[in-house]
Amino acid sequence: MTIEIVTDCTGIKQEAIRNVFSKRFSTDSLNVGLVKSKGFETPLTQDSFPLTVQKRFQCIKENIENPDVFIATIQKGYYCVNGVWFLTACVGVAYPLYSMLTAMTSSVPLPSICAKKKSLHLSMNMSDILKEQYPEWDKENGSVYTLLTNEEEAPWLEQPLRHCLNIVTKFQ
């Protein structure tokens with residue numbers, strides 16, 4: 001049996017999606033199709049993450065030929081609460097005839113020096129701020145999550161994906 005998945009994610013995000021689906025269905029027959037959608041602004045509040053994921057989902061849905069596939073997407077970004085900035089992500093999984101289910105990852109606080117700089121310069125990219133603070137970090141190949149936690153990023157993204165996929169497939 002081949003499992004069809006469509007996503008707009010690449011890199012570590014697509015790897016996390018692939019890992020979760022292959023474990024859930026115990027199969028090596030996964031077909032992960034990539035539908036690149038338009039770019040969206042990175043959310044800056046906790047409440048805006050699910051809204052951005054919903055917009056990404058709609059763009060994917062509008063650009064696929066076969067509606068009988070799984071759709072998965074992930075939005076990573078930052079938000080601020082009481083002057084403290086956090087890294088987080090929101091995942092979304094859907095299967096035809098079901099609404100998309102979303103879930104947030106755990107949030108990771110950023111170092112205070114980075115948070116202060118971002119609060120003073122909202123238009124500045126957080127990756128650039130982190131690169132200034134950690135010059136040894138390779139922002140092209142390194143994960144912000146790994147930089148901040150010394151842990152692999154994929155399991156962080158996989159946990160909420162697993163939760164959503166289990167619920168979406170429970171009633172099939």
Which pair of heavy atoms, one from Ala16 and one from Ala154, lies closest together, and at what distance?
-> CB-O, 4.1 Å
same_hphob_cluster(Phe70, Val35) at 4.5 Å side-chain heavy-atom cutoff | no
Are any of the side-chain nitrogens in Arg56 or Asp8 under 4.0 Å away from the carboxylate oxygens of its partner?
-> yes
Using 4.0 Å as the upper bound for N to carboxylate O, is an ion pair formed by Lys76 and Glu153?
-> yes
Tell me, with the steps shown, if Glu4 and Asp68 meet side-chain contact (heavy atoms from CB on, under 4.5 Å).
-> CA-CA 8 Å; Glu4 299 282 334; Asp68 194 27; over 6 Å; no
Stepwise, does the side-chain contact (heavy atoms from CB on, under 4.5 Å) test hold for Met100 with Val53?
-> CA-CA 9 Å; Met100 182 177 62; Val53 167; 3.6 Å; yes
Taking the side chain as every heavy atom from C-beta outward, state whether Tyr78 and Pro43 have any pair of such atoms under 4.5 Å apart.
-> no
Side-chain touch Val93/Phe21, heavy atoms, less than 4.5 angstrom | yes
Quick one: name the residues clustered hydrophobically with Tyr79, using the 4.5 Å side-chain heavy-atom rule over I, L, V, M, F, W, Y, and just say none if it's on its own.
-> Phe49, Val81, Val84, Phe86, Met104
Can you check whether Ile71 reaches Ile64 side chain to side chain, under 4.5 Å on heavy atoms?
-> yes
CD of Glu62: more than 12 outside heavy atoms within 6.0 angstrom?
-> yes
Flag yes if Val6 and Leu30 sit in one hydrophobic cluster, no otherwise; membership is Ile, Leu, Val, Met, Phe, Trp, Tyr, and two members link when side-chain heavy atoms are under 4.5 Å apart.
-> no
Could you tell me the separation between the OG atom of Ser143 and the CD1 atom of Ile12, rounded to the nearest 0.5 Å?
-> 6.5 Å
How about Gln58: does its CD atom have over 12 heavy atoms from other parts shown lying under 6.0 Å from it?
-> yes
Least distance between heavy atoms, Gly77 atom then Thr42 atom | CA-CG2, 3.6 Å
Is Ile74 reachable from Val108 through a run of hydrophobic residues whose side-chain heavy atoms are each under 4.5 Å from the next?
-> yes
Are Ile113 and Gln133 side-chain neighbours, meaning at least one heavy-atom pair lies under 4.5 Å?
-> yes
Out of curiosity, Glu140 CD to Ser127 OG, how far, rounded to the nearest 0.5 Å?
-> 9.0 Å
Are Thr146 and Glu151 close enough that some pair of their side-chain heavy atoms sits under 4.5 Å apart?
-> no
Thr88 and Ser106: which non-hydrogen atoms are nearest, and at how many Å?
-> OG1-O, 3.8 Å
Is there a donor-acceptor pair closer than 3.5 Å between any side-chain N or O of Lys118 and the backbone N or O of Ile129?
-> no
Are Leu122 and Leu120 linked, directly or through other ILVMFWY residues, by side chains that come within less than 4.5 angstrom of each other?
-> no
Partner residues of Gln159 under the side chain to side chain contact (heavy atoms under 4.5 Å, CB included) criterion, sequence neighbours left out = Arg162
Pro109 side chain near Trp85 side chain, heavy-atom distance below 4.5 Å | no
Measuring from Cys114:SG to Leu87:CG, what's the distance to the nearest 0.5 Å?
-> 11.5 Å
Between CG on residue Leu110 and SG on residue Cys80, distance to nearest 0.5 Å = 10.0 Å
Over 12 foreign heavy atoms within 6.0 Å of CD, Glu136 = yes
Under 3.5 Å donor-acceptor, Thr105 side chain and Ala89 backbone | yes
Flag if over 12 foreign heavy atoms under 6.0 Å of NZ, Lys131 = yes
Residue pairs involving residues 112-161 (criterion ring-ring contact (aromatic ring centres under 6.0 Å, His included); sequence neighbours excluded) | Tyr145-Trp156
Would you say the side-chain atoms of Thr73 and Thr7 include a donor-acceptor pair closer than 3.5 Å?
-> no
Scan side-chain atoms only and decide if Thr2 and Asn31 contain a donor-acceptor pair under the 3.5 Å cut-off.
-> no
Side-chain heavy-atom pair Leu161, Ile17 within 4.5 angstrom cut-off = yes
One should read off an interatomic distance between Arg18 CZ and Cys9 SG, to the nearest 0.5 angstrom, of 12.5 Å
Quick one: do Lys170 and Asn166 satisfy side-chain contact (heavy atoms from CB on, under 4.5 Å)? Show the steps, please.
-> CA-CA 6 Å; Lys170 185 174 185 169; Asn166 286 338; over 6 Å; no
Same cluster for Val91 and Ile5 if Ile/Leu/Val/Met/Phe/Trp/Tyr side chains link at under 4.5 Å?
-> yes
Rounded to the nearest 0.5 Å, the NZ atom of Lys117 sits from the OG atom of Ser112 at a distance of 13.5 Å
Answer whether the closest heavy-atom distance between the side chains of Met126 and Leu130 falls below 4.5 Å.
-> yes
Looking at Gln14, Glu158, Arg24, which one forms a side-chain hydrogen bond (donor to acceptor under 3.5 Å, both in side chains) with Asn19?
-> Glu158
